[in-house]
Amino acid sequence: MGKASLAMALADFIPTLCYLGGAWFIVRMMRKMGERELAGMFMFGAFLAGLSGFLKALSKVLDAIAARPVTESGFLYDHMFPMMAAAFLATATAIILGARRYSGRDPRGERTKTAETLAWISPFAVGLFLGLAFGLVLAKNAGAGFLAGHFAAVKLGSMVAMIVLQLATVGILAWFSFREGVPAAGVLAVVSVAGMLAMGMLASPSLQARFEDRILMNWLDQFVNLATQGSFLAAAFLVWRKAREGLIAGVARPHAGLPAAAGSGAEKGAST
């Protein structure tokens with residue numbers, strides 16, 4: 001089995017950076033639409049997901065420095081599944097509530113019973129879940145072998161939740177893109193969805209068993225992840241660019257209602 005390389009470990013940071021970039025554009029768009037609380041919820045979830053991705057990549061850096069194969073174990077790696085599930089719960093909840101307000105199903109700018117309930121239940125549920133999951137991870141890595149089966153169940157459940165919740169998030173981004181006349185962003189979001197499904201297939205035990213070379217498997221996984229998160233970043237940027245120009249429903253034009261601000265005329269002229 002080949003040893004982990006520093007190049008492979010450092011390359012694993014790139015998909016996380018792409019994801020954070022896409023999340024940043026979505027947060028800015030939510031804030032521009034007046035959904036500051038939902039933007040904060042999405043930003044918190046994106047922060048958790050980014051932190052988890054960085055810690056996983058760090059585990060590969062440590063493997064490369066120690067000149068050993070990719071361990072794919074230990075807290076820096078095992079924590080990823082429950083933390084990502086909790087992170088994507090926050091981002092999916094925020095974007096679903098945002099979509100309900102955007103489509104008119106919930107009143108925009110007002111507190112709804114659903115939002116208020118989720119506002120206090122979600123942090124409690126996430127904190128409890130992460131506390132139990134991290135305790136299980138630490139106990140398992142400390143040598144409590146009898147907990148391995150329980151950790152495997154938590155890992156599998158978290159992996160399924162990760163995929164479903166992120167599919168909901170990017171799926172809504174695709175729906176929003178097509179509805180607002182940004183087909184390129186919609187197609188890129190669909191590509192990102194396909195990439196997530198491919199990553200789920202790569203993580204399946206049956207497909208994992210076919211790869212004796214774990215280094216090759218890691219490179220393949222990282223390449224698919226890069227294509228997935230890169231497509232997400234590009235889709236979010238294209239939608240944000242249209243929102244910045246005031247061409248998205250619920251977003252006022254940047255020069256509307258303002259006295260001739262410096263540069264606004266030039267921007268308007270450039271856009272026509």
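- Relative orientation of the Phe25 and Phe237 rings is perpendicular, given thresholds of 30° and 60° on the angle between their planes.
- Counting only distance, with no hydrogens or angles, the side chain of Ser103 and the backbone of Ala99 share a donor-acceptor pair below 3.5 Å.
- When side chains are defined from C-beta on, Arg101 counts as touching Glu35, because their heavy atoms get closer than 4.5 Å.
- Using a 4.5 Å heavy-atom threshold, the side chains of Arg179 and Tyr102 count as touching.
- No continuous path of hydrophobic side-chain contacts links Leu188 to Val190 [ILVMFWY only; heavy atoms under 4.5 Å].
- Side-chain contact annotation: Gln222 with Asn218, donor-acceptor N/O pair under 3.5 Å absent.
- Phe13 and Met84 fall within the same hydrophobic cluster, where Ile, Leu, Val, Met, Phe, Trp and Tyr residues are linked whenever their side-chain heavy atoms come under 4.5 Å apart, directly or through other members.
- The environment of CZ in Arg36 is sparse: at most 12 heavy-atom neighbours from other residues, nucleotides or ligands sit within 6.0 Å.
- Met196 places a side-chain heavy atom less than 4.5 Å from the side chain of Val170.
- The aromatic ring centres of Trp24 and Phe42 sit 6.0 Å or more apart.
- Put simply, the side chain of Met8 reaches to within 4.5 Å of the side chain of Val70, judged on heavy atoms.
- A heavy-atom distance below 4.5 Å is not found between the side chains of Gln229 and Thr16.
- No side-chain donor from either of Tyr19 and Gln166 sits under 3.5 Å from a side-chain acceptor of the other.
- Under the salt bridge (charged side-chain N to carboxylate O under 4.0 Å, His left out) criterion, the residue pairs touching residues 6-21 are Asp12-Lys56, Asp12-Lys60, with sequence neighbours excluded.
- Side chain of Ser192 to backbone of Thr228: a donor-acceptor contact under 3.5 angstrom is found.
- Looking only at side-chain heavy atoms (C-beta outward), Phe81 and Val160 stay at 4.5 Å or farther from each other.
- A single hydrophobic cluster is not seen to contain both Val193 and Leu226; linkage of ILVMFWY side chains at heavy-atom distances under 4.5 Å, directly or through other members, places them apart.
- Looking at heavy atoms from C-beta onward, Arg244 lies in side-chain contact with Arg241 at the 4.5 angstrom threshold.
- Placement of Phe178 and Leu173 in two distinct hydrophobic clusters is found when ILVMFWY residues are connected by side-chain heavy-atom separations under 4.5 Å, directly or transitively.
- The main-chain N or O of Ser177 is never found under 3.5 Å from a side-chain atom of Lys242 such that the two would form a donor-acceptor pair.
- Taken together through direct or relayed side-chain contacts under 4.5 Å among Ile, Leu, Val, Met, Phe, Trp and Tyr, Phe232 and Ile96 form part of one hydrophobic cluster.
- By the ring pair (Phe, Tyr, Trp, His ring centres under 6.0 Å) test, Phe47 pairs with no residue at all, sequence neighbours left out.
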